[in-house]
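As structure tokens, the structure follows; a few thoughts come after it.
Within every chain, numbering begins at 1; the chains are lettered A, B, ... in the order of the sequence lines, protein sequences first and strands thereafter. The analysis underlying the following values was restricted to heavy atoms, covering all of them including side chains, and did not include hydrogens, waters or symmetry mates. This one's a predicted model, so the numbers in the text were calculated from it and none came from an experiment.
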Amino acid sequence: MRHRLFDSAVLASVKRKGKQLALVARDGRALLVRLGMTGQLLLVDSIDPTIKHVHASWAVRASGRLRFLLFRDPRRFGSLIPCCDCDAIDSHWDTLGPDALSVTAAQLAGAAKHRRVPLKVFLLDQSAVSGLGNIYVDESLFLARLHPRACARSLADSEWKNLVTCFQKTLKKSIRMGGSTLRDYRTPDGVLGRFQHMHHVYGRSGELCTVCKAVVEREVVGGRTTSFCPMCQNGSTNVGK
DNA sequence: CGTGGCCCCTGTGGGC
DNA sequence: TGCCCACAGGGGCCAC
């Protein structure tokens with residue numbers, strides 16, 4: 001079933017917290033966008049009816065030029081959530097921790113104080129810090145030389161500081177390189193990411209560590225495939241504490 | 001509170 | 001070539 005909604009709005013701003021986007025109209029209404037695993041926002045010159053899994057599309061006029069914004073999502077794990085005003089966005093975003101690019105080590109240390117969960121689970125959860133997914137948690141823990149199963153509350157202040165530095169560096173570098181294209185990911189203009197070529201551990205289990213040449217291991221942590229270097233990330237003293 | 005196992009879906013790649 | 005299985009950038013829910 002195709003729906004046509006002849007409602008229009010003037011896009012005033014785009015906001016983001018963690019992995020969620022908000023397209024905010026001048027009248028205050030907003031559309032919250034979560035991409036899930038395979039969701040894409042694409043800006044195209046014309047509608048190509050052979051592209052599959054396009055669940056929503058908008059005609060977009062910018063400086064006299066007509067283009068189309070598409071929401072495409074093969075696996076349909078993403079979602080579009082209409083919000084009537086900014087308060088509605090905030091109520092969705094209140095459950096998210098501070099964004100990964102602005103969170104402080106002190107905030108993380110505070111949130112982890114009584115948490116006995118594995119560090120990886122703590123970082124993926126989105127309630128202490130928002131914006132880190134499976135790739136960037138694994139890559140950041142490698143850089144910080146922390147074991148994914150280290151107990152969240154066991155980190156020293158200096159380790160939190162280092163970890164924050166590591167994931168912010170990782171995210172900024174990936175953004176500069178257009179993200180990680182494993183399969184579906186594209187920038188809104190359809191360009192492939194290049195950061196996947198820089199991964200140290202993600203997707204490299206069985207290969208040699210780029211630093212110490214140990215074999216990169218693969219385990220399931222918190223239900224997610226996890227890659228790490230057993231030598232560089234030898235946090236055995238903190239595991240389970 | 002923490003953990004593990006489902007579930008939501010489609011597509012792809014490997015083994016036979 | 002086809003069939004079956006495992007697995008994939010996320011996240012919610014439920015039983016234990």
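Between A:Pro118 and A:Lys52, the one whose closest nucleotide on DNA chain B sits nearer the 5' end is A:Pro118. Summary of the strand contacts: A:Val117 and A:Pro74 both lie near DNA chain B, and taking for each the nucleotide with the nearest heavy atom, the more 5' one is attributed to A:Val117.
Atom name P, nucleotides B:dC9 and C:dC3: the rounded distance is 23 Å, in whole Å. Comparing the P positions of C:dT1 and B:dT10 gives an interatomic distance of 24 Å, to the nearest angstrom. Rounded to a whole angstrom, the distance from the C1' atom of B:dT3 to that of C:dG9 is 23 Å.
Following rounding to the nearest Å, A:Asp138 (CG) and C:dA8 (C1') show an atom-to-atom distance of 14 Å. Look at CZ on A:Phe122: it is 13 Å from P on B:dT3, rounded to the nearest Å. If you measure from atom NZ of A:Lys120 to atom C1' of B:dG2, you get 17 Å, rounded to the nearest angstrom. Going from atom CZ of A:Arg224 over to atom P of C:dA8 covers 9 Å, rounded to whole Å. When rounded to the nearest whole Å, the span between CG of A:Asn134 and C1' of C:dC7 equals 12 Å. To the nearest angstrom, P of C:dG10 lies 10 Å from CG of A:Leu132. Rounded to an integer number of Å, the gap from CD of A:Gln196 to P of C:dG9 is 14 Å. Atom-to-atom, NE2 of A:His92 to P of C:dG12 comes out at 11 Å; the value is rounded to the nearest Å.
Contact between the side-chain N/O atoms of A:His53 and the OP1/OP2 oxygens of B:dC9 is not found at any separation under 4.0 Å. Of the side-chain N and O atoms in A:Arg116, none sit less than 4.0 angstrom from OP1 or OP2 of B:dC1. Between A:Arg183 and C:dC7 there is no side-chain polar atom (N or O) within less than 4.0 angstrom of OP1 or OP2. Contact annotation: A:Arg34 reaches the phosphate of C:dG12 (side-chain N/O to OP1 or OP2, under 4.0 Å). Taking 4.0 angstrom as the limit, A:Lys19 places none of its side-chain polar atoms (N or O) nearer than this to OP1 or OP2 of C:dG9. Between A:Tyr136 and the phosphate of C:dG9, there is no side-chain N or O to OP1/OP2 separation shorter than 4.0 Å.
Around atom NE2 of A:His114, no more than 12 heavy atoms belonging to other residues, nucleotides or ligands sit under 6.0 Å away.
Judged purely by atom type and a 3.5 angstrom limit, A:Ser91 uses its side chain to pair as donor or acceptor with the backbone of A:Ala88. In this structure, A:Gln233 contributes its side chain and A:Cys229 its backbone to a donor-acceptor pair below 3.5 Å.
Taking the six-membered ring wherever Trp is involved, the centroid distance between the rings of A:Phe122 and A:Trp160 falls below 6.0 Å.
Between the side chains of A:Tyr136 and A:Ser180, at least one donor N or O lies within less than 3.5 Å of an accepting N or O. Between the side chains of A:Thr187 and A:Asp189, not a single donor N or O lies within less than 3.5 Å of an accepting N or O.
Within 4.0 Å of A:Gly36, counting heavy atoms only, lie sugar-phosphate atoms of the nucleic acid but no base atom. Counting non-hydrogen atoms under 4.0 angstrom, A:Asp184 reaches a base of the nucleic acid. Among the heavy atoms of the strands, none lies under 4.0 Å from A:Thr38. Looking at heavy-atom distances under 4.0 Å, A:Arg72 makes no contact with the nucleic acid at all.
Figure legend. C:dC16 is base-paired to B:dG2; pairs are counted as Watson-Crick or G-U wobble with both atom distances under 3.5 Å. The pairing partner recorded for C:dG9 is none, the criterion being a Watson-Crick or G-U wobble arrangement whose two distances lie under 3.5 angstrom.
Below the 3.5 angstrom threshold, one finds a donor paired with an acceptor across the side chain of A:Arg75 and the base of B:dC9.
Base orientation of C:dG9: syn, since the glycosidic angle falls within 90° of 0.
With A:Tyr202 as the partner, the side chain to side chain contact (heavy atoms under 4.5 Å, CB included) test is satisfied by one option alone out of A:Thr226, A:Ile135, A:Thr225, A:Val137: A:Ile135.
The nucleotide whose nearest atom lies closest to any side-chain atom of A:Ile135 is, among C:dG9, C:dA8, C:dG10, C:dG9.
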